[in-house]
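Worksheet for the structure shown next.
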Protein chains: 2
Amino acid sequence: MTLAEKAYEGLRHDIIRGELPPGRPLRLAELSERYGMGFSPLREALNRLHAERLVTAESLRGFRVALLSVEEMHDAVATRIMIESEALRASIRLGDDAWAAGIVSSLYALNLQASRTGAEADIWALEARHYAFHRALLSACGSAWTMEFFERLYAATERYRIPVLLSAGRPMGRDVQAEHGALAEATLDRDAEKAVALLKDHYEKTVAALEEVHRGAGSDSRAAKAVG
Amino acid sequence: MTLAEKAYEGLRHDIIRGELPPGRPLRLAELSERYGMGFSPLREALNRLHAERLVTAESLRGFRVALLSVEEMHDAVATRIMIESEALRASIRLGDDAWAAGIVSSLYALNLQASRTGAEADIWALEARHYAFHRALLSACGSAWTMEFFERLYAATERYRIPVLLSAGRPMGRDVQAEHGALAEATLDRDAEKAVALLKDHYEKTVAALEEVHRGAGSDSRAAKAVG
DNA sequence: AATTCAAAAACTTTCGAAAATCCTTATTGC
DNA sequence: GCAATAAGGATTTTCGAAAGTTTTTGAATT
């Protein structure tokens with residue numbers, strides 16, 4: 001793996017998880033220190049992330065971590081619902097046994113991690129399995145473009161969820177695992193309309209919960225974190 | 001404007017227009033000569049284009065212009081239909097007078113250019129106006145994410161259309177301008193179902209026409225060009 | 001004739017410094 | 001005292017060369 005690829009993965013990781021908070025200037029001297037490499041691979045990574053809208057760039061004034069905003073979150077979630085609804089319908093239509101088995105296993109792994117508490121709890125392991133589950137639902141849709149957009153939007157919305165995951169022990173009055181279970185069941189029953197309705201509901205509940213946190217806290221993730 | 005931005009625009013332009021044909025290795029020494037700059041700005045541009053899937057990259061083996069394939073074209077068009085249908089519905093719901101006026105003026109400009117022949121004909125001016133018209137239709141959808149995906153997919157599908165535009169004087173038995181006119185009319189009448197149906201039909205006719213050309217010719221654009 | 005291996009060439013990747021630009025601060029002129 | 005301006009420092013951008021990797025070439029061997 002080249003240094004530029006390491007830089008890309010490290011920066012993406014640190015931005016999505018909020019270690020590099022929204023709006024933070026990404027100065028090359030500092031990044032060079034942080035990641036232990038020269039300017040060239042860092043600039044290449046920053047340009048890739050700029051194309052993915054995770055960082056903003058201004059000519060001759062460098063890069064910053066892209067800002068978050070409630071408006072952008074609503075747009076991202078609405079677009080996710082549109083794209084994932086179609087992808088879920090297509091997957092239900094086209095999915096084979098391997099697809100169904102993938103949903104069952106990723107849901108099982110997600111539930112296992114979600115049930116762990118105390119020292120065993122691991123937000124990042126949970127997050128990885130959450131991603132894997134949602135990806136598994138759509139994975140039979142047959143469209144590489146759709147899957148790419150799913151990944152872009154997942155990363156964008158993940159940034160809004162992280163502060164909440166870090167602060168709140170448990171979202172208010174919500175059984176997220178039950179929602180995942182019902183969604184998986186409807187999908188495996190090939191009941192497309194029900195599955196799509198549950199998916200939409202799942203995302204709308206999430207965005208409503210996130211909105212409260214981000215409304216008061218502005219777009220700085222550290223401030224958002226302090227709310228919980 | 002920095003050199004890296006010039007490199008990005010130049011490369012994107014040349015790739016979409018097929019001057020740098022699919023599969024072509026993008027060697028730094030050659031590009032450095034072609035665009036008159038050093039390696040650094042070129043590599044930055046290539047990384048951005050890689051993130052946009054217009055170029056492919058392999059560790060330590062450099063960059064190439066991304067390949068075309070009939071399968072990918074079908075995926076891109078199907079995804080376009082999905083996303084643009086929703087965006088068109090939203091625009092029809094939300095669009096104001098400025099939006100409607102933008103459709104009228106971009107259609108008029110497109111028709112003007114389309115009617116020009118001989119020395120006045122200009123494929124690239126036509127193409128720019130075609131893009132502007134399709135963008136105007138969706139521009140009131142209110143979703144920055146949707147518009148970004150529209151632009152990505154437009155660029156991806158444009159690559160398939162270029163060889164046909166360059167070779168064929170006029171697509172077989174099709175009045176493309178009439179299709180645009182009907183689409184604009186249904187949209188301005190706020191008849192969402194009719195407009196979406198016309199949009200879908202417009203793209204499916206296009207993909208059918210392109211398929212013939214690309215099937216025989218493989219993915220090399222020069223070969224495709226020779227067919228016309 | 002085909003295969004293997006080593007050396008050379010081609011090319012990508014990375015670094016460090018130079019050039020260019022932006023931002024801050026101090027100074028000048030009013 | 002205050003605005004305009006210039007110097008200095010910080011930062012980004014670009015270049016040219018060095019380092020590292022892959023591919024090609026060609027000779028030696030089977």
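Labels below follow one simple rule: chain letters A, B, ... track the order of the sequence lines, proteins then strands, and each chain is numbered from 1.
Note on ring orientation: taking the six-membered ring where Trp is involved, the planes of A:His134 and A:His180 are perpendicular (angle over 60°, cut-offs 30° and 60°).
Considering only side-chain N and O atoms, B:Arg61 lies nowhere under 4.0 angstrom from the phosphate OP1 or OP2 of C:dA10. In terms of phosphate contacts, B:Arg27 brings no side-chain nitrogen or oxygen within less than 4.0 Å of OP1 or OP2 of C:dA10.
For the pair A:Asp75 (side chain) and B:Ala144 (backbone), a donor-acceptor distance under 3.5 Å is present. Between the B:Arg159 side chain and the B:Ala66 main chain, a donor and an acceptor come within less than 3.5 Å of each other.
If you measure from atom CZ of B:Phe39 to atom P of C:dG16, you get 19 Å, rounded to the nearest angstrom. Rounded to an integer number of Å, the gap from A:Glu58 CD to D:dT13 P is 10 Å. Atom-to-atom, CZ of B:Arg43 to C1' of D:dT13 comes out at 16 Å; the value is rounded to the nearest Å. In this structure, OH of A:Tyr8 is placed 16 Å from P of C:dT13, rounded to the nearest angstrom. Atoms CE (A:Met1) and C1' (D:dT21) sit 17 Å apart, rounded to a whole Å. Here D:dT12 presents its C1' atom at 12 Å from CG of A:Asn47, a figure rounded to the nearest Å. Per the geometry, CG belonging to B:Leu60 stands 7 Å off P belonging to D:dT21, to the nearest Å. Going from atom CG of A:Leu28 over to atom P of C:dA17 covers 16 Å, rounded to whole Å.
Closest contact between the side chain of A:Ser40 and the listed nucleotides C:dG16, D:dT22, D:dA17 involves C:dG16.
Here the closest heavy-atom approach between residue A:Ala45 and residue A:Ala4 is recorded as CB-O, 4.0 Å.
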